[in-house]
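Values in this document were obtained by computation on a predicted structure and should not be read as measured data. For the numbers below, each heavy atom of this structure counts, side chains included, while hydrogens, waters and symmetry mates do not.
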Amino acid sequence: MILPHLSCFDSPGRSSHDTSRARRIALHAVFASILISTLVSCIFGTVQAQVSISLTPLLIEIAGAPGETKTFNILLVNESKTATSHFRVFTTDVVQKQNGDYRVVEPGESKYSCAKWIKLSKEEATLGPGEGLSVDGKLTIPRGTYGGRYAAVVFELAPEKRKEEEVFASTEFVQRFATVVEVSIPAPRVRKAVSISGFTVKAAADNPRYAAAYGKNALILIGEVKNEGNTHVFARGFLTLRDGSGKRLRQIPLGSGRGLVLPETSVNLVSVLPSGLAPGNYIADIAVKYGGMRPALAKVPFIVAASGAEVKGVEGGTRLAPFNVEPTDLDLTYPPGAVAARSIVVENKSDVPIHVEGKALPLVYDEEGELVQDEAALGAAPAEWSCADWIELRPASMDIRPGGKQMVRFMINIPKDQAGGRYANLVFTATPAGEEGGAGRGAAASSAGATGRAPSTGGSPGGTVTSARSRGSPAWTGEAGTVVFLTVGKKVDKLAELTELKIEDGGPSVGWIFSTVFKNTGTTHVKPQVTFGIKKHVIPESVPGIEYVGPGSWQEVDSIDLGELDNIVLPGGTRLLRAGYARALETGRYMVEVTVKYGGKAPLYVSGEFEVKQP
């Protein structure tokens, strides 16, 4: 059983190094599941010799503009000592399964295929023992295209020819090896959007495979996410576990591995609690970050009930009704004193009615670049750069039928004494329509199995999991929204500064850690581009009779390009810029120089020195 988007979490002290290692292992599992299958041909009970093949690389990532041509190379090696193999080489479509694995399919099955864009240098080849095959690929991106496109370069091993008397009773299996090609085409029409479409809690005791792998007390937490956009995203899920009153208990990762989700595809992000939970009421507060301006958010209550000898474990959770809000951001420019209106569309993409509430909140990002959602933290944030109080939504409360849309008027009244950048976060919260407390008909059926009062939190783990909820609480809540970027007047200042560079030695397993803080001291938002350069101090060697007494020079050793940050830095805001370097460095004196381009008149620089001593 391969679960590439699965994480096993039970200790709050688990290190990021352990998590990274688990993700690397999961990544190998993803490709092993589709690329290297052991297939045999059986004839009258005899097994044909297996062919040992190595394929490099398993994944090719390409970024290019419409009209560009990109090239790549794939190497296939027959590592068998005696067998000669004949291969057919071709391109085809690739799709994604619910567990995140890729699956090679016939051409034309994927709406987001780039198989026809690829020309290969070889169509077939015969490889003797130890021989290799180098295949060059040329991918031409058609004009007018954008978003994500995907394909597989397949090496199909031709089955051995059978003698005439063997054919009657033979069964042939075709063995294929594949390299997946992922293409990103940046353009203004590229849209990243992810919704949380389901959440399930499973008791491991109900599934012998889960029980054997994680123990009978374990709980399996499964969040289903759907990519509603037109390019692939890398989903990072987090589940904050709360008790029935909403008090935070702990936060765990939801899923692992690359977390890649193809367009218009749903995958499961899975985590395991080996020790389970004590009987009681809980809320799964789910956040999925994917590179958009705001994470996908949902809350689902569930109950872990005390088990009886006659009671079997029951799956908990519910289906969520996906909905979205367009546009995802409003970039506005108006003079002081202006009154303006824009349209926002809320779309119910499910087959059940939903109730939606809208409100304007301050837009705040923390030092890590994450959207701040805690109401207490938002209340304490400076109001100087917010325009939330200037905004009115009409209507602010609405019921939307299955598949329906609701237009919301965005009204803004700008005071006359204002200038510069102002920001707001328009939050739309959906719940099932038609039940007390917002709980909907669509989820009622999944909750009907739990009756009576839920036990309070306490006791021992390993109880029955049900999807019941507290009286008056919704079966689920989902959140989407629009970010408002408002420029008042024509004059804005782009100014920023960097704090002193910190250099830490994390030891052999972590390496060096470099960090500084970017401060936006201007009057508008910026999006920094960050590079860390590493240089070594070099003194020329002396020659007989001549001693060098100069200062020496700095020679570039390596660089770490963080690229453009995912989220903006608001006026008055800060952003932690951090990079790790785990490669071995020779003994000597080094300098790290940080370069930040942010749209100001000149880039920012900060540097620091460190020394690598002999072990």
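Considering SG of Cys114 and CD1 of Ile141, their distance stands at 8.5 Å, rounded to 0.5 Å. In this structure, CH2 on Trp390 lies 9.5 Å from CG on Asn413, to the nearest 0.5 angstrom. Atom CG in Asn520 sits 9.0 Å away from atom CD1 in Ile568 (nearest 0.5 Å). To the nearest 0.5 angstrom, Ser386 atom OG is 11.0 Å from Tyr423 atom OH. Atom CD1 of Ile283 sits about 14.0 Å away from atom CZ of Arg248, to the nearest 0.5 Å. Distance check, rounded to the nearest 0.5 Å: CG of Leu361 to CG of Leu378 gives 6.0 Å.
A donor-acceptor distance shorter than 3.5 angstrom exists from the side chain of Asp93 to the backbone of Glu109, with no hydrogens or angles considered. Between the side chain of Asp566 and the backbone N or O of Gly291, no donor-acceptor pair lies under 3.5 Å. Under the 3.5 Å distance criterion, the side-chain polar atoms of Asn227 are matched with a main-chain donor or acceptor of Val261. No donor-acceptor pair under 3.5 Å is formed between the side chain of Asn567 and the backbone N or O of Arg294. Proximity of a side-chain donor or acceptor of Asp351 to a complementary backbone N or O of Pro402 within less than 3.5 Å is not detected. Panel note: side chain Arg189, backbone Pro186; no donor-acceptor pair is recorded below 3.5 Å. Proximity of a side-chain donor or acceptor of Asn268 to a complementary backbone N or O of Asn99 within less than 3.5 Å is not detected. Put simply, the side chain of Asn348 never gets that close to the backbone of Gly404: no donor and acceptor are under 3.5 Å apart. Between the side chain of Arg250 and the main chain of Arg242, no donor-acceptor pair closer than 3.5 Å is present. Not a single donor-acceptor pair under 3.5 Å links the side chain of Asn207 to the backbone N or O of Ala211.
Nearest heavy-atom pair across Ala152 and Val104 is CB-CG2, 4.1 Å. Gly148 and Tyr112 get closest at one heavy-atom pair: O-CD2, 3.5 Å. Considering all non-hydrogen atoms of both residues, Ile344 and Thr482 come closest at CG2-OG1, 4.2 Å. Nearest heavy atoms, Ala388 versus Pro362: CB-N, 3.8 Å.
For Arg409, the CZ atom sits in a packed shell: over 12 heavy atoms of surrounding residues, nucleotides or ligands are nearer than 6.0 Å. When the shell of 6.0 Å around NZ of Lys527 is examined, it contains more than 12 heavy atoms from other residues, nucleotides or ligands.
Residues meeting the ring-ring contact (aromatic ring centres under 6.0 Å, His included) test with Tyr150, sequence neighbours left out: His232. A search for side-chain contact (heavy atoms from CB on, under 4.5 Å) contacts involving Thr429 returns Val427, Thr477, Glu479, not counting sequence neighbours. Residues forming a side-chain contact (heavy atoms from CB on, under 4.5 Å) with Lys405 (at least two apart in sequence, or on another chain): Val345, Glu347. When the ring-ring contact (aromatic ring centres under 6.0 Å, His included) test is applied to Phe485, the partners found at least two apart in sequence or on another chain are His525. Residues passing the side-chain contact (heavy atoms from CB on, under 4.5 Å) test with Pro142, sequence neighbours excluded: Trp117, Thr145. Remark: Lys289 engages Glu370 in a side chain to side chain donor-acceptor pair (under 3.5 Å) (not counting sequence neighbours). Remark: Asp399 engages His355, Ala433 in a side-chain contact (heavy atoms from CB on, under 4.5 Å) (not counting sequence neighbours).
Within the 4.5 Å cutoff, side-chain heavy atoms of Lys202 are placed close to those of Ile222. The side-chain heavy atoms of Leu241 and Ile252, taken from C-beta on, include no pair separated by under 4.5 Å. Side chains of Val408 and Val346 form a contact here, defined as non-hydrogen atoms less than 4.5 Å apart. For the pair Ile414/Arg422, no side-chain contact is recorded, criterion being any heavy-atom separation below 4.5 Å from C-beta on. Using a 4.5 Å heavy-atom threshold, the side chains of Phe238 and Leu254 count as separate. Using a 4.5 Å heavy-atom cutoff, the side chains of Ile196 and Lys299 are not in contact. Using a 4.5 Å cut-off on side-chain heavy atoms (C-beta onward), Phe199 and Leu239 make contact. Counting heavy atoms from C-beta on, the side chains of Leu219 and Leu277 come closer than 4.5 Å.
Sorted by first and then second residue, the salt bridge (Lys or Arg N to Asp or Glu O under 4.0 Å) pairs with a member in residues 261-270 read Lys111-Glu264; sequence neighbours excluded. Judged as a salt bridge (Lys or Arg N to Asp or Glu O under 4.0 Å), the pairs with a partner in residues 376-398 (not counting sequence neighbours) are, in order, Glu392-Arg394. Within the structure, the salt bridge (Lys or Arg N to Asp or Glu O under 4.0 Å) test picks out the following pairs touching residues 225-234 (sequence neighbours left out): Glu228-Lys349.
Using a 4.0 Å cut-off between a side-chain N of Lys or Arg and a carboxylate O of Asp or Glu, Arg319 and Glu224 qualify as a salt bridge.
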Side-chain donor-acceptor distances from residues 59-68 under 3.5 Å, at least two apart:
unit_1: Glu61; atom_1: OE2; unit_2: Arg258; atom_2: NH2; d: 3.2
unit_1: Glu68; atom_1: OE1; unit_2: Ala65; atom_2: N; d: 2.6

Only pairs under 3.5 Å count here: list side-chain donor-acceptor contacts from residues 320-341, not counting sequence neighbours, and write none if there are none.
unit_1: Glu326; atom_1: OE2; unit_2: Arg191; atom_2: NE; d: 2.4
unit_1: Glu326; atom_1: OE2; unit_2: Arg191; atom_2: NH2; d: 2.7
unit_1: Tyr334; atom_1: OH; unit_2: Arg342; atom_2: NE; d: 3.4

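Side chains of Ser113 and Arg149: no donor on one and acceptor on the other come within 3.5 Å.
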